Amino acid sequence: MKRARFVAAAFATLTLATSPARAADPVQSVKDFMSAYDRAFNAKDLAQLAKFYDADVTIYEGGGINTGWADYRDNHLGPELKEFLELEFSHSDVVPHILDKDATVAYVTSEYHLKVKMKERDVDSGGLETLVLIKGKDGGWKIRHAHTSSRRRPAPATSPFAG
């Protein structure tokens, strides 16, 4: 009798652990995605970063637009990462919003923080970011659209129009 109860309990545990209803929490999966993204970004690893983007991604940043991963990689992110001698990048206040019951579409709002050292200057900035995420063919989240806005910079001590 004890063996039968043990087998029944083991079966019930296995069933609950593998059932779709017990699948990973989609909100936590987005937070995990963001943490993994930050690690890949700080490693300046374009091959790893490619796994986070949908091939048809659109990027709105700094008043410019990149259309597609290849455009963003080759004309924006890749050259930018090469210039960074030192890099600290992170997200905070990450708030996922799952948009459908199957957790295949989401958006996430967050703050980003960026410190970089380049040959000619140092940057210490941050801002707000909204990402639209979709589930890729591999079942993982992919960035389909990104929009960032940087914080307003402090006014210069003297007016550039003073004359």
Side-chain angles (χ1 to χ4, degrees), residues 23-100 102-163:
D25 173 21
V27 169
Q28 186 60 50
S29 74
V30 169
K31 289 181 178 183
D32 293 344
F33 172 88
M34 297 296 289
S35 294
Y37 178 85
D38 289 352
R39 287 190 299 277
F41 197 94
N42 281 305
K44 301 192 293 182
D45 186 340
L46 282 174
Q48 192 65 19
L49 284 166
K51 297 174 184 177
F52 291 88
Y53 289 93
D54 182 76
D56 296 319
V57 66
T58 53
I59 309 289
Y60 289 10
E61 181 182 332
I65 300 172
N66 291 100
T67 304
W69 166 246
D71 176 40
Y72 184 52
R73 177 196 63 216
D74 297 344
N75 299 308
H76 186 134
L77 186 60
E80 196 171 66
L81 289 175
K82 285 180 184 176
E83 289 185 32
F84 298 164
L85 303 175
E86 295 178 24
L87 169 63
E88 292 178 29
F89 179 77
S90 64
H91 286 92
S92 64
D93 299 322
V94 174
V95 180
H97 305 269
I98 308 303
L99 297 179
D100 64 332
D102 295 326
T104 61
V105 181
Y107 74 93
V108 58
T109 57
S110 65
E111 289 189 50
Y112 71 88
H113 313 278
L114 175 69
K115 284 186 179 184
V116 295
K117 180 173 184 59
M118 297 182 280
K119 288 180 185 175
E120 62 281 349
R121 66 186 172 114
D122 294 345
V123 174
D124 187 351
S125 71
L128 302 175
E129 181 174 54
T130 302
L131 299 175
V132 175
L133 305 178
I134 59 172
K135 283 284 177 92
K137 292 177 184 173
D138 64 358
W141 291 112
K142 303 287 183 192
I143 301 168
R144 183 63 179 84
H145 177 75
H147 191 162
T148 59
S149 62
S150 58
R151 287 197 178 86
R152 184 172 288 163
R153 291 177 173 76
T158 58
S159 171
F161 301 106

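Only a predicted model underlies this, so the values are computations on that prediction, with no experimental measurement involved.
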**Asked** Roughly how far, to the nearest 0.5 Å, is OG1 of T67 from OH of Y60?
**Response** 7.5 Å
**Message:** Test side-chain contact (heavy atoms from CB on, under 4.5 Å) on V30 and I98; report intermediate values, then the result.
**Reply:** CA-CA 9 Å; V30 169; I98 308 303; 4.1 Å; yes
**Request:** Carefully, step by step, assess M34 and L131 under the rule side-chain contact (heavy atoms from CB on, under 4.5 Å).
**Result:** CA-CA 10 Å; M34 297 296 289; L131 299 175; 3.6 Å; yes
**Message:** Looking at every heavy atom in both P96 and V27, which two are closest together, and how far apart are they?
**Reply:** CG-O, 3.6 Å
**Complete:** Distance col, row T109:OG1 vs H147:NE2, nearest 0.5 angstrom, shows 13.5 Å
**Asked** Rounded to the nearest 0.5 Å, what separation is found between the CZ atom of F52 and the NZ atom of K142?
**Response** 8.5 Å
**CH2-OG1 distance between W141 and T104, expressed to the nearest 0.5 angstrom** = 6.5 Å
**Asked** Can you check whether F41 reaches L81 side chain to side chain, under 4.5 Å on heavy atoms?
**Response** yes
**Request:** Taking atom NZ of K44 as the centre, report whether more than 12 heavy atoms of other residues, nucleotides or ligands fall under 6.0 Å from it.
**Result:** yes
**Prompt:** Side chain of D100, backbone of V105: donor and acceptor closer than 3.5 Å?
**Reply:** yes
**Message:** Using 0.5 Å steps for rounding, measure from the CD atom of E80 to the CG atom of N75.
**Reply:** 12.0 Å
**Message:** If we ignore hydrogens and angles and just use 3.5 Å, is the side chain of K117 paired with the main-chain N or O of L87 as donor and acceptor?
**Reply:** no
**Item:** Criterion side-chain contact (heavy atoms from CB on, under 4.5 Å) on Y37 and I143, from CA distance to verdict
**Value:** CA-CA 10 Å; Y37 178 85; I143 301 168; 4.1 Å; yes
**Asked** If you round to the nearest 0.5 Å, how far is CG of L49 from CH2 of W69?
**Response** 5.5 Å
**Complete:** Minimal heavy-atom distance between S90 and D38, with the atoms involved, is CA-OD2, 3.5 Å
**Item:** side chain to side chain donor-acceptor pair (under 3.5 Å), paired with H91, selected from H113, E111, E129
**Value:** E129
**Request:** Sort out for me which residue in I65, N66, T148 forms a side-chain contact (heavy atoms from CB on, under 4.5 Å) with I59.
**Result:** N66
**Message:** Is it true that, when you exclude K135 itself, more than 12 heavy atoms of the residues, nucleotides or ligands shown sit nearer than 6.0 Å to its NZ?
**Reply:** yes
**Item:** Nearest heavy atoms of A40 and Q48, plus distance in Å
**Value:** CB-CG, 3.7 Å
**Fill in**
Heavy-atom nearest pair, P26 first then A103, reads CB-CB, 3.7 Å
**Item:** Stepwise side-chain contact (heavy atoms from CB on, under 4.5 Å) check, H145 with Y107
**Value:** CA-CA 9 Å; H145 177 75; Y107 74 93; over 6 Å; no
